[in-house]
Amino acid sequence: MIKVDGLTKRYDRTVAVNNISFEVEKGQIVGFLGPNGAGKTTTMRILTCFMPPTDGTASIAGFDVMKSPLEVKRRIGYLPENPPVYPEMEVHEYLSFVGRLKGIPSAELPQRVKDVSERCAVADVSKKLISKLSKGYRQRVGLAQAIIHNPDVLILDEPTAGLDPKQIHETRDLIRSLAGVHTIILSTHILPEVEQTCDHVVIISKGLIVAKDSVQNLTSRLRGQEAVLVEVAGASTDDVRRRLEQVAGVSRVLHKDTRNGAHVFEVESLPGENVRASLARAVVEAGWNLNELHAAALSLEDVFLELTAAEKAQGGQQ
Amino acid sequence: MSNILTICRKELKSYFASPIAYLLMAMYGVLFGFFFWNAVGYFVNMSFQSTMMGRSFPMDVNEMIIRPLLMNTSVIGLFLIPLISMRLFAEEKRMGTIELLFTSPVRDMEIIIGKWLAAVILYACLLGISALNLSFLFVYGKPDWKPLLIGYLGLLFQSGALLAIGAFISTTTRNQIIAGGVTFGVCLLLWVFEWVAGYETSTWATVMGYMSVVRHYEPFSKGVIDTKDAIYFASLIFFGLFLTARSLESLRWRA
């Protein structure tokens with residue numbers, strides 16, 4: 001659905017996006033992840049025909065952004081970082097304006113406006129001036145604007161920025177509910193957001209793609225094994241360590257912390273081994289107290305930090 | 001075409017939803033009202049004097065009231081037009097709504113013409129206020145309506161040209177005050193160029209005279225449509241809108 005090939009955008013001296021390529025299948029939600037200033041917004045602006053690339057090509061539904069921008073624009077809905085709303089308009093006026101701009105026939109327009117207002121939960125403020133709305137409502141009006149013409153592709157630039165936790169939750173649910181019908185690219189620098197909403201993730205840093213994969217693959221890629229956190233009380237650190245190391249399947253035991261006489265260990269196991277049950281048995285049989293035991297799944301955050309740090313190290317070598 | 005109308009309607013709504021339109025209309029109403037009152041007062045005084053002196057030929061309302069008033073209107077326009085055009089693109093750039101327009105399936109030229117058209121329509125509303133004043137002349141006298149109509153046509157031409165230039169200037173900045181200030185400067189220059197042509201005959205003075213808006217408006221105020229003047233205004237409109245389009249394009253490249 002979306003195809004980006006060798007895309008480069010150069011400003012005066014800086015390179016915002018450097019030769020990136022990726023593809024998005026129909027119906028997928030792809031998270032575009034990276035620190036601020038990594039080139040996420042630039043890539044999205046090129047995909048939406050807001051600005052032309054310096055080099056490379058991008059196409060949406062088979063239409064090239066440079067050669068047939070009108071066809072591309074008809075098929076995309078775009079929510080920029082700041083919702084592009086006119087404060088002096090009422091919500092329903094604004095949505096009708098956008099609807100007409102996107103080419104919805106006037107006979108269908110009122111129904112469409114009504115539908116998206118309900119979908120994005122802005123129906124209760126439809127007669128209000130946008131200047132009087134809170135940030136959360138504005139964001140949702142922006143989202144309504146992006147989906148009003150039922151586009152094939154939705155491009156959302158930090159859709160949850162500046163919302164409160166409840167609104168963030170609602171917005172993510174809304175985005176999830178849009179998947180399947182629409183192909184979605186959303187950018188964010190918040191990692192859990194990608195884990196919760198996206199199927200695939202493209203990690204970008206300083207204009208370069210450092211990783212692209214499904215969310216699941218990526219989290220399990222760096223370390224195939226599982227890590228378990230164990231908190232034990234009633235023995236010395238060395239005794240516990242020695243006992244834990246003897247458990248079959250354990251590859252490494254790390255002492256992390258000691259608090260109130262209890263020791264916290266991170267236990268890594270060999271790939272494919274589930275050592276939680278044997279760990280618990282070992283501790284209890286030794287007569288110690290097992291305060292806590294839980295799996296410490298490697299979060300996307302760790303992957304992300306590791307990837308961007310690895311890149312930094314490479315950069316240092318050059 | 002429908003895209004132009006969509007943009008134009010939205011633009012007019014913005015003018016009339018904010019105080020700009022009403023403020024301009026109020027200012028214009030007071031200013032033109034004063035000029036009108038002054039012109040009619042002068043006319044009454046003169047005709048009274050000429051009767052006292054025994055001359056009884058009818059005085060020409062078109063020549064004595066309408067023509068000078070139209071010239072005044074042309075000059076007032078130079079001051080009000082920057083206020084109309086300054087927000088056209090500067091506001092969109094500042095609010096970020098330009099991203100919506102640029103990523104919607106409309107051509108740049110449709111955006112430009114829609115916005116320009118809305119500005120011309122707002123100016124036409126101002127002219128409507130002056131027409132309201134002038135209608136009193138038709139109640140109490142019998143002025144010729146044809147030169148008046150042509151005078152208004154000329155005013156529309158003039159506003160179209162200056163608004164096109166103002167639209168271009170508005171694309172170059174995100175600050176409305178700067179857009180308004182520069183446009184005002186350009187309008188003023190296009191007016192005062194004529195002064196040089198008054199006493200100089202060098203090539204430069206001739207060129208400046210050609211560029212003067214007021215000089216090209218003058219024949220309209222007399223009820224004369226000269227192709228030379230019509231072409232002058234038409235080419236200014238074309239030039240202004242062309243520059244606007246180029247400027248928007250470069251905005252994308254630099255964005």
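A/Phe97 touches chain B through backbone and side chain together, each having a heavy atom under 4.5 Å away. Contact of B/Glu92 with chain A is made through the side chain alone, with heavy-atom distances under 4.5 Å. With a 4.5 angstrom heavy-atom cutoff, A/Pro69 does not touch chain B via any of its atoms. For chain B, no part of A/Glu71 is nearby; none of its heavy atoms comes within less than 4.5 Å. For A/Leu79, no part lies near chain B; criterion is any non-hydrogen pair under 4.5 Å.
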### Query
What do the steps show when you test B/Val106 against A/Leu70 for side-chain contact (heavy atoms from CB on, under 4.5 Å), and what is the final call?
CA-CA 7 Å; B/Val106 289; A/Leu70 283 182; 5.8 Å; no

### Task
Go through the steps to decide whether B/Leu100 and A/Val98 satisfy the test side-chain contact (heavy atoms from CB on, under 4.5 Å), and finish with yes or no.
CA-CA 8 Å; B/Leu100 171 68; A/Val98 177; 3.9 Å; yes

### Message
Go through it in stages, so that I can follow the logic: the residues are B/Leu101 and A/Phe50, the test is side-chain contact (heavy atoms from CB on, under 4.5 Å), and I'd like the CA-CA distance, side-chain angles, deciding distance and then a yes or no.
### Response
CA-CA 9 Å; B/Leu101 297 182; A/Phe50 179 76; over 6 Å; no

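More than 12 heavy atoms of other residues, nucleotides or ligands shown are found within 6.0 angstrom of NZ on A/Lys135. Summarising the local packing, CZ of B/Phe138 is surrounded by more than 12 heavy atoms from other residues, nucleotides or ligands at distances under 6.0 Å. Dense packing is recorded around CZ of A/Arg176, with more than 12 heavy atoms of other residues, nucleotides or ligands lying under 6.0 Å away. Enclosure of atom CZ in A/Phe63 by more than 12 non-hydrogen atoms of other residues, nucleotides or ligands within 6.0 angstrom is indicated. Heavy atoms from other residues, nucleotides or ligands lying under 6.0 Å from CZ of B/Arg9 number 12 at most.
For the set A/Pro80, A/Gly142, A/Pro83, A/Pro87, the count of heavy-atom pairs under 4.5 angstrom toward chain B peaks at A/Pro80.
The structure places OG1 of B/Thr6 at 12.5 Å from NZ of A/Lys102, a figure rounded to the nearest 0.5 Å. For the atom pair CD of A/Glu88 and NZ of B/Lys10, the computed distance is 6.5 Å after rounding to the nearest 0.5 Å. Taken from NE2 in A/His149 to OG in B/Ser104, the straight-line distance is 7.5 Å, to the nearest 0.5 Å.
A donor-acceptor pair is defined here as one N or O able to donate and one able to accept, closer than 3.5 Å; no such pair exists between the side chain of A/Arg100 and the backbone of B/Leu5.
Contact between B/Trp253 and A/Pro53 at its shortest, heavy atoms only, is CZ3-O, 4.2 Å. In terms of heavy atoms, B/Gly96 sits closest to A/Pro84 at O-CB, 3.9 Å.
Applying the side chain to side chain contact (heavy atoms under 4.5 Å, CB included) test between B/Thr103 and each of A/Leu47, A/Val72, A/Thr48 identifies A/Thr48 as the sole match.
Of residues 11-22 of chain B, those residues lying under 4.5 Å from chain A by any heavy-atom pair are B/Lys13, B/Ser14, B/Ala17. Scanning residues 111-119 of chain A against chain B with a 4.5 Å non-hydrogen threshold yields no residues.
Salt bridge annotation for A/Arg45-B/Glu99: present, with a cationic side-chain nitrogen under 4.0 angstrom from a carboxylate oxygen.
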